[in-house]
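A short write-up of the structure that comes next.
Just the heavy atoms: all of them, side chains too, but no hydrogens, waters or symmetry mates, feed the values below. Fair warning: this is a prediction, and the values are worked out from it, not measured in the lab.
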Amino acid sequence: MRNFVISLSDREATEAFRVGPKAANLAALGRAGLPIPDGYCIAADAYRLQLAALGLEQVARDVFSSDDGVARRSALQLRIRLMEQPVVLEVQEPLLAAWRSITRDGAVAGVVRSSALVEDRFGTSFAGQFESFLGIENEIDFLTAVRSCWAALWAPRALRYMATHDLDPADTAMALLMQPLVAARAAGAARLGRLTWHFQCADRPDAAGAIATA
């Protein structure tokens with residue numbers, strides 16, 4: 001049975017090929033002893049299973065077709081189907097269990113963030129290309145955020161960015177991060193070489209955090 005949901009504290013969460021560089025970097029910081037918010041990674045295999053269950057794998061291949069009409073219709077079909085169709089039960093059940101854990105059964109709001117396998121890498125940061133959702137308060141909105149982040153891989157702006165970097169979206173996948181919403185007092189970023197460090201300060205030490213992006 002595939003492990004679709006991985007705790008940020010698990011060694012598996014540092015595997016960028018499974019959870020994307022954004023989530024893997026965050027997990028590596030936590031394992032190094034730096035304070036990070038708790039949470040889970042939704043592995044890229046969950047997205048792949050959803051795509052296959054909806055019969056969209058060939059449609060994904062058609063997005064970079066030489067026929068512009070076919071390409072546009074295929075990208076639109078992917079976004080609509082990923083947004084409208086429910087998450088398959090094999091994925092939905094562990095997702096909801098993890099969601100209830102980080103939100104303490106709805107006592108606190110949560111966050112869903114993209115962690116595509118192609119983002120936050122040297123030369124392809126994808127800054128601002130995908131989606132993040134903050135302050136999610138119920139399971140319906142949580143599952144909608146998951147589907148929206150998956151669909152964002154096929155948004156026009158992301159496709160244009162991939163085209164300029166010779167990347168085919170059908171060859172990659174969208175992993176995600178889910179975390180509790182942190183009531184930060186301050187936040188900022190600092191550039192060091194090829195890495196940008198993002199910081200947030202909170203009243204609870206375990207809610208403070210840092211993340212590095214390329």
Task: Carboxylate-amine/guanidinium proximity below 4.0 Å for R48 and E57 - done: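 Between E57 and R48 there is no salt bridge, as every charged N stays at least 4.0 Å from the carboxylate O atoms.
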
Task: Pairing of R79 and E131 as salt bridge, 4.0 angstrom limit - done: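 So R79 does not pair with E131 through a salt bridge.
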
Treating Ile, Leu, Val, Met, Phe, Trp and Tyr as nodes and any side-chain heavy-atom pair under 4.5 angstrom as an edge, say whether [X] and [Y] lie in one connected cluster.
X	Y	result
W99	I6	no
L177	V19	no
V70	V59	no
L8	F17	no
V5	V88	yes

Open item on the list: Could you go through M162 and D168, starting from their C-alpha distance and side-chain angles, then the distance that decides it, and tell me whether this counts as side chain to side chain contact (heavy atoms under 4.5 Å, CB included)?
Closed with: CA-CA 7 Å; M162 281 185 262; D168 187 336; over 6 Å; no

About how many Å separate [atom2] of [Y] and [atom1] of [X], when rounded to the nearest 0.5 Å?
X	Y	atom1	atom2	result
W150	L54	CH2	CG	9.0 Å
N3	D45	CG	CG	9.5 Å
L26	I36	CG	CD1	4.0 Å
F130	C149	CZ	SG	10.0 Å
M178	T103	CE	OG1	9.5 Å
F133	S114	CZ	OG	9.5 Å

Give the minimum heavy-atom separation between [X] and [Y], together with the two atoms involved.
X	Y	result
V182	P37	CG2-CG, 3.8 Å
L82	W154	CD1-CD1, 3.9 Å
L117	G20	CD2-N, 3.5 Å
A44	A173	CB-CB, 3.8 Å
A158	A152	CB-O, 3.7 Å
Q77	L56	NE2-CD2, 4.1 Å

Is any side-chain heavy atom of [X] closer than 4.5 Å to a side-chain heavy atom of [Y]?
X	Y	result
E90	F4	yes
D38	Q179	no
S132	V111	no
L153	T172	yes
T164	R160	no
M174	I42	no

Open item on the list: Which residue is it: V112, L96, I136? I am looking for the one with a side-chain contact (heavy atoms from CB on, under 4.5 Å) to L143.
Closed with: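 Result for side-chain contact (heavy atoms from CB on, under 4.5 Å) with L143: L96.
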
TODO: Output yes when a side-chain donor or acceptor of Q50 lies under 3.5 Å from a complementary backbone atom of P86, and no otherwise.
DONE: yes

Open item on the list: When you measure from the side chain of N138 to the backbone of D141, do you find a donor-acceptor pair of N or O atoms at a distance under 3.5 Å?
Closed with: yes

Open item on the list: Run the salt bridge (Lys or Arg N to Asp or Glu O under 4.0 Å) test on R147 and E84 for me, step by step, so that the C-alpha distance in whole Å, both residues' side-chain angles and the decisive distance to 0.1 Å come before the verdict.
Closed with: CA-CA 8 Å; R147 298 196 306 272; E84 289 184 345; over 6 Å; no

Task: Other residues, nucleotides, ligands: >12 heavy atoms within 6.0 Å of E137 CD - done: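 For E137, atom CD is not crowded (no more than 12 foreign heavy atoms under 6.0 Å).
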
Open item on the list: Please determine whether salt bridge (Lys or Arg N to Asp or Glu O under 4.0 Å) holds for the pair R61 and D171, giving the CA-CA distance in whole Å, both sets of side-chain angles, and the decisive distance to 0.1 Å.
Closed with: CA-CA 9 Å; R61 289 288 171 198; D171 292 332; 2.7 Å; yes

